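What follows is one structure encoded as structure tokens, with my remarks underneath.
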Amino acid sequence: MILKKRKENRIGTAAKRRYDLPFQKDIGTRYMMVVITLMVFLGFLSMALHISMSALSDRWTSGLEGKMTVEIPAQGLNQDMRDKDEMAAITTRIQNYLEAHSAVTSIDVMAEDELIAMVAPWLGDQPTQMDIPLPVLISIDLYRDLTEAQLSAMKNHIIEIDAASRLDTHQNWLDELLRFTGAIKMVSIVMALVIALTTLMAVAGVVRARLAAHMDDVELLHLMGATDNYIAHQFQRHILILSSKGCIIGALLGALMIKIIASIAGNMGFALLPDFSFNAGHWLIMAFIPFTILILCFITARNTLRRALQKMP
Amino acid sequence: MISFEYVGLRYGFGPEVLSDISFELPPGSFHFLTGPSGAGKTSLMRLMYLGHLPTRGVVKVFGENITSVSRAKRMEMRQKIGTVFQDFRLLPHLSAYDNVALPMRISGHKEDKIKNNVEKIMDWVGLNDQINALPNTLSGGQQQRIAIARAVVSRPKLILADEPTGNLDDKIGQRIFKLFEQLNKMGTTVVIATHNVTMMQDFPHPVMILDHGAMRIEDPALQKDQNLFAKLEDAF
């Protein structure tokens with residue numbers, strides 16, 4: 001009975017053995033896990049920023065694509081206030097012209113209450129009581145984008161009807177916004193590169209430090225005939241386990257943070273802000289971040305180890 | 001098995017610790033290596049277990065010039081050598097079992113064969129009850145026996161032992177030397193660096209005497225020098 005127990009113990013000893021080198025006691029390798037957790041977390045945020053900015057610029061572009069607006073100001077070119085009848089007459093003439101245009105799908109003259117609601121954040125609920133003149137806005141939907149010549153002809157025709165009226169293609173405004181989202185997307189790409197570089201340097205640094213710390217033990221393994229592959233495999237396995245833990249924790253924290261941001265952005269309900277509400281495809285892209293970092297860690301560790309081990313006798 | 005031809009060794013820019021050493025050890029031979037402290041015994045052992053390359057001359061182990069063999073071949077050759085280091089060099093985080101099993105694991109043996117060999121050799125060195133102990137919980141003598149067990153567990157073709165009985169009492173020392181002799185009878189080449197003149201007398205094998213970087217081999221069996229051991233005793 002005692003002998004049987006002892007034998008089981010022995011098998012347990014062999015089974016419990018995980019590494020020939022004392023990695024479990026290394027503080028430095030745990031530091032690497034923390035670094036990888038942070039890198040994956042930042043990678044998630046950076047990718048979230050990129051995806052949401054892309055979605056936002058798509059939303060802006062598609063929302064304004066094939067759309068134009070005609071503004072009929074309440075004041076004429078001579079700064080005289082127009083009365084309601086004059087405004088209605090100009091509106092009808094422009095409306096008739098646009099409805100007859102072959103490129104126009106539909107038009108929509110914005111009602112006064114809609115206009116009041118739109119300017120309410122700046123002018124309050126009752127701008128008309130304050131004698132603030134309101135323009136007329138006509139929203140135009142097009143079959144297709146107009147050529148420069150067609151656009152110019154349309155602008156000229158509207159000016160012929162009313163010299164004070166303006167045709168706005170939103171292009172200037174949209175260009176500014178797209179430049180802004182483009183810059184943020186670029187920042188997110190730079191962040192991703194910095195994250196990759198930091199991960200690479202952290203892993204290489206930890207591997208070199210661990211190798212230096214265990215130099216005597218590594219030399220002993222070499223003297224017993226352990227190949228570079230044998231030793232490298234042990235390091236790699238250890239680093240892969242640590243990196244996997246770091247990646248999982250980082251990914252969970254990153255996903256949680258994105259959910260929190262999405263919830264806050266959703267509650268604000270402001271259409272100009274990115275909403276951070278991702279679909280399954282977006283999450284799939286996100287899932288590549290920990291895998292990419294894991295592969296990066298593995299390749300870096302392997303190359304650093306191979307180079308260092310080959311320098312040993 | 002091992003041949004040295006005009007071998008010199010220096011560390012860095014220091015003086016030569018070995019100069020023009022030439023000898024040949026045939027396969028299946030048993031030799032003691034002795035000499036005063038600082039004579040270069042450990043350096044000579046390092047060259048034999050491929051822990052260092054000579055500064056000049058040719059060292060051949062298993063018929064291969066150790067300077068020109070490929071890295072892969074050198075690792076392969078090292079797997080055929082069992083070394084007992086003077087300072088034991090046990091891995092402190094591994095149990096006695098795992099320390100002894102290490103050379104077999106490196107050579108890629110299966111766990112059941114490893115278990116069989118390790119248990120047998122642990123029985124032989126009288127430490128079967130310490131199989132799960134960590135080295136730092138063992139006495140110097142017990143650690144030395146673990147180091148010896150590790151060196152012989154994979155039945156190497158060449159055993160190099162640097163002061164293998166330095167921390168052992170005579171009874172255990174005798175037992176260990178008998179183990180080396182048994183392995184030698186099975187064809188293993190054995191080189192033991194030691195100061196223990198009594199052991200050299202009890203186990204009469206040729207003695208390589210290293211002194212001031214030069215070496216000569218004396219064979220007590222040939223009885224050229226009747227006072228060999230007395231002289232060695234005086235010298236050390």
Side-chain angles (χ1 to χ4, degrees), chain A residues 1-30 210-238 241 302 305-313, chain B residues 45-53 66-67 71-83 85 87-108 110-112 114-116 118-119 122 128-134 147 150-151 153-154 156 160:
Chain A
M1 183 71 178
I2 292 168
L3 199 70
K4 197 181 172 190
K5 265 194 173 177
R6 189 187 287 174
K7 280 202 168 180
E8 280 167 2
N9 251 348
R10 284 172 200 168
I11 295 164
T13 308
K16 269 194 288 183
R17 189 193 75 95
R18 292 178 64 199
Y19 301 107
D20 294 337
L21 298 166
F23 296 123
Q24 285 92 338
K25 290 178 182 172
D26 286 348
I27 297 164
T29 41
R30 294 208 175 89
R210 292 305 91 204
L211 207 52
H214 299 302
M215 191 55 84
D216 284 349
D217 298 337
V218 170
E219 191 201 35
L220 178 70
L221 294 182
H222 264 150
L223 289 177
M224 288 181 183
T227 58
D228 293 344
N229 273 346
Y230 179 91
I231 297 167
H233 179 74
Q234 299 218 350
F235 270 93
Q236 281 166 211
R237 189 171 147 232
H238 177 59
I241 289 170
R302 192 180 62 177
L305 280 165
R306 293 265 161 94
R307 272 201 298 271
L309 288 171
Q310 276 177 356
K311 284 179 190 161
M312 295 176 73
Chain B
M45 295 292 264
R46 277 188 76 85
L47 288 173
M48 287 194 274
Y49 62 68
L50 320 185
H52 219 286
L53 296 177
I66 67 166
T67 312
R71 190 172 172 75
K73 181 74 183 170
R74 195 178 301 152
M75 295 305 169
E76 198 184 298
M77 287 162 71
R78 281 171 174 167
Q79 288 181 12
K80 296 179 197 164
I81 303 172
T83 309
F85 300 97
D87 52 357
F88 320 141
R89 297 190 70 170
L90 299 175
L91 293 173
H93 67 291
L94 295 185
S95 65
Y97 179 98
D98 288 328
N99 263 291
V100 174
L102 200 51
M104 293 190 77
R105 288 201 171 116
I106 286 171
S107 302
K110 288 189 174 157
E111 277 302 321
D112 52 350
I114 293 173
K115 187 170 174 288
N116 187 37
V118 172
E119 288 185 359
M122 290 294 275
N128 221 356
D129 56 337
Q130 299 287 352
I131 210 153
N132 287 325
L134 290 174
R150 184 180 64 185
V153 70
S154 57
L160 302 166

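Residue numbers start from 1 in every chain, and the chains themselves are labelled A, B, ... in the order their sequence lines are given, proteins ahead of strands. Values in this document were obtained by computation on a predicted structure and should not be read as measured data. Side chains are part of it too, since the values below use all heavy atoms of this structure and drop only hydrogens, waters and symmetry mates.
- Salt-bridge check for A:E219 with B:R46: passed, with a basic side-chain N closer than 4.0 Å to an acidic carboxylate O.
- Contacts between A:I231 and chain B at a heavy-atom distance below 4.5 Å are absent for every atom of the residue.
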Show, in sequence, the C-alpha distance, side-chain angles and deciding distance for A:L223 and B:L50, and conclude whether the side chain to side chain contact (heavy atoms under 4.5 Å, CB included) test is met. CA-CA 7 Å; A:L223 289 177; B:L50 320 185; 5.9 Å; no
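- In this structure, the portions of B:R89 lying under 4.5 Å from any heavy atom of chain A include both its backbone and its side chain.
- Taking CD1 from B:I106 and OG1 from A:T227, the interatomic distance works out to 9.0 Å, rounded to the nearest 0.5 Å.
- Here the straight-line distance linking atom CE of B:M75 with atom CE of A:M224 works out to 13.0 Å at 0.5 Å rounding.
- Of the atoms belonging to A:D228, it is side-chain heavy atoms, and not backbone ones, that fall under 4.5 Å from chain B.
- Scanning both residues, B:R150 and A:L220, for their nearest heavy atoms gives NH1-CD2, 3.7 Å.
- Per-residue heavy-atom pair counts under 4.5 Å with chain A were compared for B:Q79, B:R74, B:M77, and the maximum is reached by B:Q79.
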